[in-house]
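In each ligand, atom 1 is the first atom listed, and ligand 1 is the first ligand listed. In what follows, every heavy atom counts, from backbone to side chain, and hydrogens, waters and symmetry copies are set aside. The first residue of the sequence shown is numbered 1, and numbering continues consecutively from there.
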Amino acid sequence: MNPAIESMLQNYGVTPETEAFLRDTQRMYIGGEFVGSDERIDVTEPATASRLTSVPAASNADVDRAIGAARRALDAGPWAAMKPAQRERLLLKLADAIEAHAQTLGEIETIDNGKAIGPCIEMDILGAADLLRYMAGFATKLDGATRQVSIPGEHLAWTVRQPIGVVAAIVPWNWPFNMAMWKMAAALAAGCTMVVKPAQQTSLSMLYFARLCEEAGLPAGVINVVTGRGSSIGNYLAGNPGVDKVSFTGSTPVGRMVGEAAGRALSPVTLELGGKSPMVVFDDADPKAVAAATRWSVYFNAGQVCSAGSRLYAHASIYDDVVRELEAMTSAMKIAPGLDPECDMGPVISESALSSIVGYIDKGKAEGAELIYGGNTPDSPGYFVEPTLFAAERNDLTIVQEEIFGPVLTILKFESDDEAIRMANDNIYGLAASIWTRDISRALRYSDQLDAGTVWINNHDIVDSSMPCGGFRQSGFGKDMGPEQLQHFTRTKAVWITL
Ligand code: NAD
């Protein structure tokens with residue numbers, strides 16, 4: 001292992017399980033077996049910018065094998081024969097295994113991705129176990145209905161909901177474990193089998209999870225994990241006629257390609273894509289609460305959050321108070337490697353992400369936004385950038401319109417409520433938005449007008465297993481989580497008997 005990573009592990013301490021896993025040769029999981037590949041991809045640890053390990057670069061033949069294994073597990077064998085209640089119990093057991101190994105899973109995720117360890121264990125890992133438990137309960141509740149048909153003759157007619165089949169889940173690097181579970185939990189509850197492709201930057205937590213699937217006794221082929229580049233195997237998987245459903249989370253440009261590939265194969269597709277989510281702060285809001293939620297939403301996970309409240313519209317009468325509170329809270333943040341228990345914000349994922357974020361900061365300055373706080377990259381080998389706060393007067397600036405996917409917030413002033421909602425909606429995305437006011441009528445009126453898949457009132461970036469997440473407009477279509485998601489993983493069959 002690279003000395004810089006050795007010394008980081010020594011410094012902060014990790015479980016023996018984490019250390020042993022990181023020293024192992026990483027293998028994919030296909031048809032219940034751990035398999036290697038001829039080609040491998042180096043994995044870089046973002047806090048030290050040094051080589052952590054490598055993962056297999058799957059070939060198209062590996063993807064075919066994974067799809068074949070998923071198909072066999074769907075059609076025959078213990079998974080296909082399982083009663084819904086047995087499936088539920090198995091998923092609960094898998095959730096228990098995740099919880100029992102939460103510390104190790106959290107450490108692996110933090111080291112691989114750079115995120116702060118505390119929220120990682122709490123939200124990414126234990127949140128995933130919660131979601132699996134929530135969805136497990138639906139295994140026994142996917143009912144059809146009998147229908148009163150009116151055509152001549154005597155008929156009995158009903159519907160049944162069946163698993164849609166083999167699901168391809170393609171997930172991003174910002175929440176590697178959690179986003180994969182946002183697909184897996186509902187798909188497994190519905191009785192589907194899966195091929196999961198994590199992002200090439202962050203495949204480790206899924207590879208560790210494969211061991212937990214073994215431990216929990218998930219039958220071979222129900223979950224297959226293939227690692228590799230999106231442009232090659234991701235694309236091959238998305239357009240593969242052996243796949244019955246594609247569930248994708250990632251950027252809008254890649255989502256478009258995935259949609260095209262799935263369309264050619266006539267596979268139904270769910271696209272959870274990018275965002276540029278507005279926070280609208282009316283004159284009667286509490287500036288401290290706004291600042292606390294904004295700091296959390298736009299700076300945790302180093303701003304690499306699809307629904308980050310990255311453009312904040314504050315009423316002129318409250319604007320200075322919000323800026324003051326935000327500056328105070330932002331300047332108190334500790335930027336450190338994610339394993340540091342006091343870390344508020346870790347590094348971003350990669351050198352290219354860092355240079356893209358710095359490019360946006362430079363563009364913000366060049367286009368006339370005022371830099372209020374941050375904007376620098378600390379002198380360290382890792383991919384760190386300061387939490388950054390801009391003030392802007394124009395809604396059409398690049399930093400206001402484009403998804404930066406880094407810890408950069410822009411605050412703008414407004415005079416009238418209608419003007420604020422107009423500016424909030426003036427964007428290609430429609431993932432999420434928030435409204436801040438003590439006036440419930442105002443909140444309800446404007447929550448209706450905001451063109452976003454989620455609207456929070458007096459909060460931002462909270463999620464729950466029971467609430468569907470998914471965007472409007474260029475943020476995609478379909479929902480993850482909530483009962484709505486089960487629709488994506490079941491198909492309805494109509495059955496008739498003429499008596
Ligand atoms: P990305 O689009 O670059 O990659 C996502 C996944 O797609 C990865 O596994 C990647 O390997 C794969 N991929 C890349 N090219 C592909 C291709 N041509 N065909 C098939 N697969 C391909 O996204 P990212 O950089 O990993 O993640 C960041 C993006 O994800 C941001 O835009 C963010 O807003 C979005 N995101 C959205 C949500 C949501 O719920 N809407 C949640 C998290 C992240």
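A salt bridge links R295 to D344: at least one charged side-chain nitrogen sits closer than 4.0 Å to a carboxylate oxygen. K363 has no carboxylate O lying under 4.0 Å from a charged side-chain N of E402, or vice versa, which leaves the two without a salt bridge.
Remark: side-chain polar atoms of T44 are not paired, donor with acceptor, to backbone N or O of P46 under 3.5 angstrom. A distance-only check finds a donor-acceptor pair linking the side chain of S447 to the backbone of L444 [under 3.5 Å]. Formation of a donor-acceptor pair under 3.5 Å by the E109 side chain with backbone atoms of F177 is found in this model.
Interatomic distance, I117 CD1 to Q103 CD, rounded to the nearest 0.5 Å: 5.5 Å.
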Polar pairs, ligand 1 vs protein, N/O only, below 3.5 Å.
| residue | atom | partner | partner atom | Å |
| --- | --- | --- | --- | --- |
| ligand 1 | 2 (O) | S251 | N | 2.8 |
| ligand 1 | 2 (O) | S251 | OG | 2.7 |
| ligand 1 | 9 (O) | V171 | O | 2.7 |
| ligand 1 | 9 (O) | K197 | NZ | 3.3 |
| ligand 1 | 11 (O) | K197 | NZ | 3.0 |
| ligand 1 | 11 (O) | Q200 | OE1 | 2.9 |
| ligand 1 | 11 (O) | G230 | N | 3.3 |
| ligand 1 | 19 (N) | G230 | O | 3.4 |
| ligand 1 | 19 (N) | N235 | N | 3.3 |
| ligand 1 | 23 (O) | S251 | N | 3.4 |
| ligand 1 | 25 (O) | W173 | NE1 | 2.8 |
| ligand 1 | 26 (O) | W173 | N | 3.3 |
| ligand 1 | 26 (O) | W173 | NE1 | 3.2 |
| ligand 1 | 30 (O) | G250 | O | 3.3 |
| ligand 1 | 32 (O) | E403 | OE1 | 2.7 |
| ligand 1 | 34 (O) | E403 | OE2 | 2.6 |
| ligand 1 | 41 (N) | L273 | N | 3.3 |
| ligand 1 | 41 (N) | L273 | O | 2.8 |

